[in-house]
Amino acid sequence: MAASRKPIISGNWKMHKNHFEAIQAVQKLHYRLDGDDHDSVIVTVHPPFTDLRSIQTLIEADRMKIELGAQNCHWEDQGAFTGEVAPPMLAKLDVAYVIVGHSERRQFFGETDETVNLKVKAVGRAGMTPIMCCGESLEQREAGDAESWVEGQIVAGLAGLGGDAVGTLVIAYEPIWAIGTGRTATSEDAQAMCAHIRSVVRSNFGDDAAAKVRIQYGGSVKPGNIAELMSQADIDGALVGGASLDPDGFAAIVQYRNH
Ligand code: 13P
């Protein structure tokens, strides 16, 4: 992790926790983290939409430094899109980060590189930071196609953006075969792909964007493997699924410097 990029560790709760459970979890997490933790790491939590208002109120009332995130959004600001949530609605709830193009959304809900691109732009327009996900399947990795696949996702997902905008983004590399499987990429494999992603950003958006863009690794991140992942030059943080549901475990991940 380069010193100029502040690490960012994000908890993607997926479809877990109602708003009462969410309040409890964020309170516990807050008590486990101290000022040094927040000075060293940006901590974001991404609960389901139904929890956002409760968590926003809690963060504001207790002046917590935890940042609020969402897991998805639509790309239009409003309109006849039953069941969808618009970026300005999230921004109004003090949501600062929005996960875009998670592999579960690509796999189960028909997200494409084109909709990911529309969403990345819409999130930025609303003043929030996208966490754009990419990553290959096991078949693609075994066929030797992982790097070109991820490059295609990055180039298509960021199409039309300028270097300044790309420099503010977070990109999450989540190999699909490592999500929820307990099978983490080795830190060498994770580093190699994150370095590749940075070089793709460099060749398409310039040196400054490549130096600034923050790249997270995701896929079975746990208290026991975070320190080694974070010691890699191009890994600036983590997108944590299952292990983020337990506030003690997630706090231990945020405190990887103490391991
Ligand atoms: P796990 O940490 O449960 O493998 O999930 C990773 C993930 O998908 C985070 O977005």
Side-chain angles (χ1 to χ4, degrees), residues 8 10-15 42 44-53 55-56 67-137 149-176 179 197 200-201 204-205 209 212-219 236-241:
I8 174 164
S10 303
N12 174 10
W13 292 2
K14 309 191 178 182
M15 199 168 71
I42 298 170
T44 79
V45 292
H46 300 251
F49 287 133
T50 49
D51 303 349
L52 289 175
R53 175 63 175 152
I55 302 301
Q56 178 210 15
E67 300 261 17
L68 190 52
Q71 300 174 16
N72 181 38
C73 64
H74 198 268
W75 57 84
E76 294 287 348
D77 286 356
Q78 58 183 17
F81 300 104
T82 302
E84 291 293 319
V85 173
M89 298 171 181
L90 297 175
K92 201 75 178 165
L93 287 167
D94 298 334
V95 167
Y97 294 85
V98 183
I99 298 169
V100 175
H102 190 279
S103 61
E104 286 151 16
R105 296 216 54 87
R106 295 179 191 252
Q107 186 178 350
F108 303 128
F109 302 100
E111 295 239 342
T112 63
D113 286 336
E114 289 68 38
T115 59
V116 168
N117 180 241
L118 290 168
K119 290 180 182 195
V120 165
K121 290 174 180 161
V123 167
R125 270 201 312 277
M128 302 177 291
T129 301
I131 298 179
M132 189 184 82
C133 300
C134 60
E136 80 287 355
S137 66
W149 174 257
V150 168
E151 176 164 359
Q153 288 182 315
I154 301 291
V155 170
L158 302 181
L161 292 175
D164 285 352
V166 172
T168 68
L169 296 181
V170 180
I171 296 174
Y173 167 58
E174 298 204 304
I176 295 169
I179 296 178
I197 291 169
V200 169
V201 169
N204 287 275
F205 301 98
K212 287 184 179 154
V213 69
R214 292 161 291 168
I215 304 177
Q216 294 177 320
Y217 167 78
D236 304 313
L239 183 54
V240 186

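Note that the numbering runs from 1 along the sequence shown for the chain.
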(request) Would you list the pairs meeting side chain to side chain donor-acceptor pair (under 3.5 Å) in which at least one residue belongs to residues 162-176, sequence neighbours left out? (result) His102-Glu174, Glu136-Tyr173, Arg141-Tyr173

Restricting to non-hydrogen atoms, name the atom on [X] and the atom on [Y] that form the minimum distance, rounded to 0.1 Å.
X	Y	result
Pro87	Ala126	CB-CB, 3.7 Å
Trp149	Gly135	NE1-O, 3.3 Å
Gly163	Ala209	O-CB, 3.4 Å

(message) If you apply the rule side-chain contact (heavy atoms from CB on, under 4.5 Å), what do you find for Val201 with Ile171, and how did you get there?
(response) CA-CA 10 Å; Val201 169; Ile171 296 174; 4.0 Å; yes

Nearest 0.5 Å please: distance from the [atom1] atom of [X] over to the [atom2] atom of [Y].
X	Y	atom1	atom2	answer
Phe205	Ile154	CZ	CD1	9.0 Å
Asn117	Met132	CG	CE	8.5 Å
Ile131	Ser10	CD1	OG	3.5 Å
Gln216	Asn12	CD	CG	10.0 Å
Cys134	Glu151	SG	CD	11.0 Å
Ile42	Thr129	CD1	OG1	8.5 Å

(request) Could you walk me through whether Ile99 and Leu239 pass the side-chain contact (heavy atoms from CB on, under 4.5 Å) test, one step at a time? (result) CA-CA 10 Å; Ile99 298 169; Leu239 183 54; 4.0 Å; yes

With a 3.5 Å cut-off and sequence neighbours excluded, list the donor-acceptor pairs that the side chains of residues 91-98 form with protein atoms.
unit_1	atom_1	unit_2	atom_2	d
Asp94	OD2	Gln56	NE2	3.1

(message) In the structure I gave you, are the side-chain heavy atoms of Leu161 and Val120 within less than 4.5 Å of one another anywhere?
(response) yes

(request) Could you tell me whether the side chain of Val200 reaches within less than 4.5 Å of the side chain of Ile197, counting heavy atoms only? (result) no

(request) Could you walk me through whether Glu67 and Ile8 pass the side-chain contact (heavy atoms from CB on, under 4.5 Å) test, one step at a time? (result) CA-CA 10 Å; Glu67 300 261 17; Ile8 174 164; over 6 Å; no

Quiz: residues 68-84 side-chain donor-acceptor pairs under 3.5 angstrom, not counting sequence neighbours:
unit_1	atom_1	unit_2	atom_2	d
Gln71	NE2	Lys14	O	2.9
Gln71	NE2	His46	O	2.9
Asn72	OD1	Lys119	NZ	2.8
His74	ND1	Glu76	N	2.9

(request) Measure from the side-chain N and O atoms of Arg106 to the backbone N and O of Gly101, and report whether any donor-acceptor pair falls under 3.5 Å. (result) yes

(message) For the backbone of Ile215 and the side chain of Asp236, can you confirm whether one donor and one acceptor N or O come within less than 3.5 Å of each other?
(response) yes

(request) Identify the residue among Leu169, Leu118, Val116 that makes a side-chain contact (heavy atoms from CB on, under 4.5 Å) with Val100. (result) Val116

(request) Show your reasoning for whether side-chain contact (heavy atoms from CB on, under 4.5 Å) applies to Glu104 and Ile179. (result) CA-CA 10 Å; Glu104 286 151 16; Ile179 296 178; 3.7 Å; yes

